[in-house]
Amino acid sequence: MDTVLITGTTSGIGEAFAKKFVLEGYNVILVARNQEKLSLQAQKLGANKNVKYITCDLNDENAINIIEQSLKEWNLTVDILINNAGFNECGLFHETSINRELEMVQVHISSLIKLTKVLLKEMLKNNYGHIVNIGSTGSFIASPSDAVYSATKSFILSFTNALAGELQGTGVKATIICPGATNTKFAIKAGIEKTKLFGVAVMSANQVVDSVYCKLLRGKRVIIPGWYNRIMVACSKILPVSVLNKVTLWMMQ
Ligand SMILES: NC(=O)c1ccc[n+]([C@@H]2O[C@H](COP(=O)([O-])OP(=O)(O)OC[C@H]3O[C@@H](n4cnc5c(N)ncnc54)[C@H](OP(=O)(O)O)[C@@H]3O)[C@@H](O)[C@H]2O)c1
């Protein structure tokens, strides 16, 4: 059975993905930074099943070496990589924490491309594999009061689309999943749980995973879970940026 490595599994969408893949019989490798939570999660998921975990902080320069090392020790090849770990630092750019924003660039961009490069090489040798990145509806919408977050997610969209183009005919696929507001710890951590964005059509993490799972396995390139999110993204492609700016600012209140 295929092996799936998922980053950011200790809550939210990553946790829901881990449950789903274990249930479907995959070998699952959990990656997050809280050893206690990971160990508990692996025990809960893995009684008699093939669940392993790697503790590392993706903000740490050495994180990808730690992951590589563990895979070597276990002699395991990853067939599906889900780059899911992420967080948000919201607010007007001149007021937000530069350290948190640089951390976001590290976790959403640097770690994601490093881990993808390492695991993709193995996948290409096997002519088989799938790189799955978690973007956001913000991948399509430059968001005032969420400027760095939406820019990192926009990077992920561009990167995934380009990669998917390179990988055609290789047996390796690339997919980006772009959720909208989802009921996880994400909004609470960012202090945006009371905004209008999180007041309408909020999906649960399980709904996100259930609605994308089959499309993911089929290798669809861009997946937007939820009709409301698909309409938002479609509108973002027609409306002028100045109008979108106003709508986004209003939704972030
Ligand atoms: N929730 C939404 O509304 C929403 C919408 C669009 C896109 N997304 C994207 O979906 C993905 C998952 O978010 P979520 O909603 O499931 O949030 P979540 O419940 O806060 O889960 C995020 C996961 O990422 C882990 N993580 C964060 N920073 C990390 C680091 N430096 N190293 C290792 N692991 C780290 C967290 O671990 P800790 O517990 O240790 O922090 C946690 O396991 C993110 O990429 C997010 O941008 C979320």
Side-chain angles (χ1 to χ4, degrees), residues 7-17 82-105 107-109 112 132-160 175-212 215-216 222-253:
T7 66
T9 55
T10 46
S11 74
I13 296 170
E15 185 178 16
F17 263 123
I82 306 190
N83 282 308
N84 162 78
F87 63 94
N88 201 344
E89 165 72 9
C90 268
L92 299 177
F93 181 67
H94 70 277
E95 293 175 349
T96 44
S97 154
I98 186 66
N99 289 337
R100 288 287 284 163
E101 282 164 345
L102 293 177
E103 234 179 79
M104 202 160 30
V105 170
V107 174
H108 293 185
I109 299 181
L112 180 146
V132 181
N133 295 323
I134 307 299
S136 161
T137 46
S139 298
F140 302 89
I141 306 166
S143 309
S145 87
D146 214 4
V148 177
Y149 177 80
S150 59
T152 63
K153 292 295 181 179
S154 176
F155 172 94
I156 296 172
L157 175 64
S158 170
F159 172 67
T160 311
T175 293
I176 180 168
I177 297 168
C178 298
T182 308
N183 187 13
T184 66
K185 293 185 180 151
F186 173 89
I188 297 163
K189 288 180 196 165
I192 51 172
E193 74 279 15
K194 301 230 160 72
T195 56
K196 293 181 188 76
L197 178 67
F198 279 84
V200 198
V202 179
M203 295 177 81
S204 71
N206 285 332
Q207 278 175 324
V208 168
V209 168
D210 287 341
S211 73
V212 304
K215 293 174 191 160
L216 182 66
V222 180
I223 308 174
I224 304 167
W227 61 267
Y228 176 80
N229 298 322
R230 286 193 287 277
I231 289 174
M232 272 214 324
V233 169
C235 290
S236 78
K237 292 179 179 171
I238 321 166
L239 290 171
V241 178
S242 56
V243 175
L244 275 176
N245 278 175
K246 288 194 180 110
V247 174
T248 313
L249 262 177
W250 178 77
M251 291 192 81
M252 292 303 280
Q253 286 166 5

| query | Between Ser11 and Thr184, does a side-chain contact (heavy atoms from CB on, under 4.5 Å) hold up when you go through it step by step? | reply | CA-CA 7 Å; Ser11 74; Thr184 66; 5.7 Å; no
Side chain of [X], backbone of [Y]: donor and acceptor closer than 3.5 Å?
X      : Y      : answer
Asn84  : Gly8   : yes
Thr7   : Ala85  : yes
Ser150 : Asp146 : yes
Thr9   : Glu15  : no
Lys153 : Ile134 : yes

Hey, mind stepping through Ile223 and Leu216 against side-chain contact (heavy atoms from CB on, under 4.5 Å) and telling me if it holds? CA-CA 8 Å; Ile223 308 174; Leu216 182 66; 4.3 Å; yes
inquiry  = Just so I know, are the side chains of Glu101 and Thr96 near enough to count as touching, which here means a heavy-atom distance under 4.5 Å?
reply    = yes
Pairwise side-chain contact, Met251 with Val247, heavy-atom cut-off 4.5 Å (strictly under):
yes
Donor-acceptor contacts, no H, no angles, side chain residues 202-211, under 3.5 Å, sequence neighbours left out:
residue: Ser204; atom: OG; partner: Gln207; partner atom: N; Å: 3.0
residue: Gln207; atom: OE1; partner: Ser204; partner atom: N; Å: 2.8
residue: Ser211; atom: OG; partner: Gln207; partner atom: O; Å: 3.1
residue: Ser211; atom: OG; partner: Val208; partner atom: O; Å: 3.1

On a heavy-atom basis, which atom in [X] and which in [Y] lie closest, and how many Å separate them?
X      : Y      : value
Ser136 : Cys178 : O-CB, 3.4 Å
Phe140 : Lys237 : CD2-CE, 4.1 Å
Thr195 : Ile192 : OG1-O, 2.6 Å
Ser236 : Leu244 : O-CD1, 3.5 Å
Phe87  : Phe186 : C-CE1, 3.8 Å
His108 : Thr152 : ND1-OG1, 2.9 Å

- Could you walk me through whether Thr175 and Asn133 pass the side-chain contact (heavy atoms from CB on, under 4.5 Å) test, one step at a time? CA-CA 6 Å; Thr175 293; Asn133 295 323; over 6 Å; no
Rounded to the nearest 0.5 Å, what separates atom [atom1] in [X] from atom [atom2] in [Y]?
X      : Y      : atom1 : atom2 : value
Ile188 : Phe198 : CD1   : CZ    : 9.5 Å
Met232 : Trp227 : CE    : CH2   : 11.0 Å
Thr160 : Phe155 : OG1   : CZ    : 8.5 Å
Tyr149 : Ser139 : OH    : OG    : 7.5 Å

Sorted by chain and number, sequence neighbours left out, side-chain contact (heavy atoms from CB on, under 4.5 Å) with Glu95 holds for Leu92
Atom NZ of Lys196 with >12 non-hydrogen neighbours under 6.0 angstrom
yes
- Item | Between Asn229 and Thr137, a side-chain donor and acceptor under 3.5 Å | no
- Query: Between the side chains of Glu89 and Ser97, does any donor sit under 3.5 Å from an acceptor?
  - Reply: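 Not at all, the side chains of Glu89 and Ser97 share no donor-acceptor pair under 3.5 Å.
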Using the rule given for side-chain contact (heavy atoms from CB on, under 4.5 Å), can you reason through Phe159 versus Asn83, listing the C-alpha separation, both sets of side-chain angles and the distance that settles it, and then say yes or no?
CA-CA 13 Å; Phe159 172 67; Asn83 282 308; over 6 Å; no
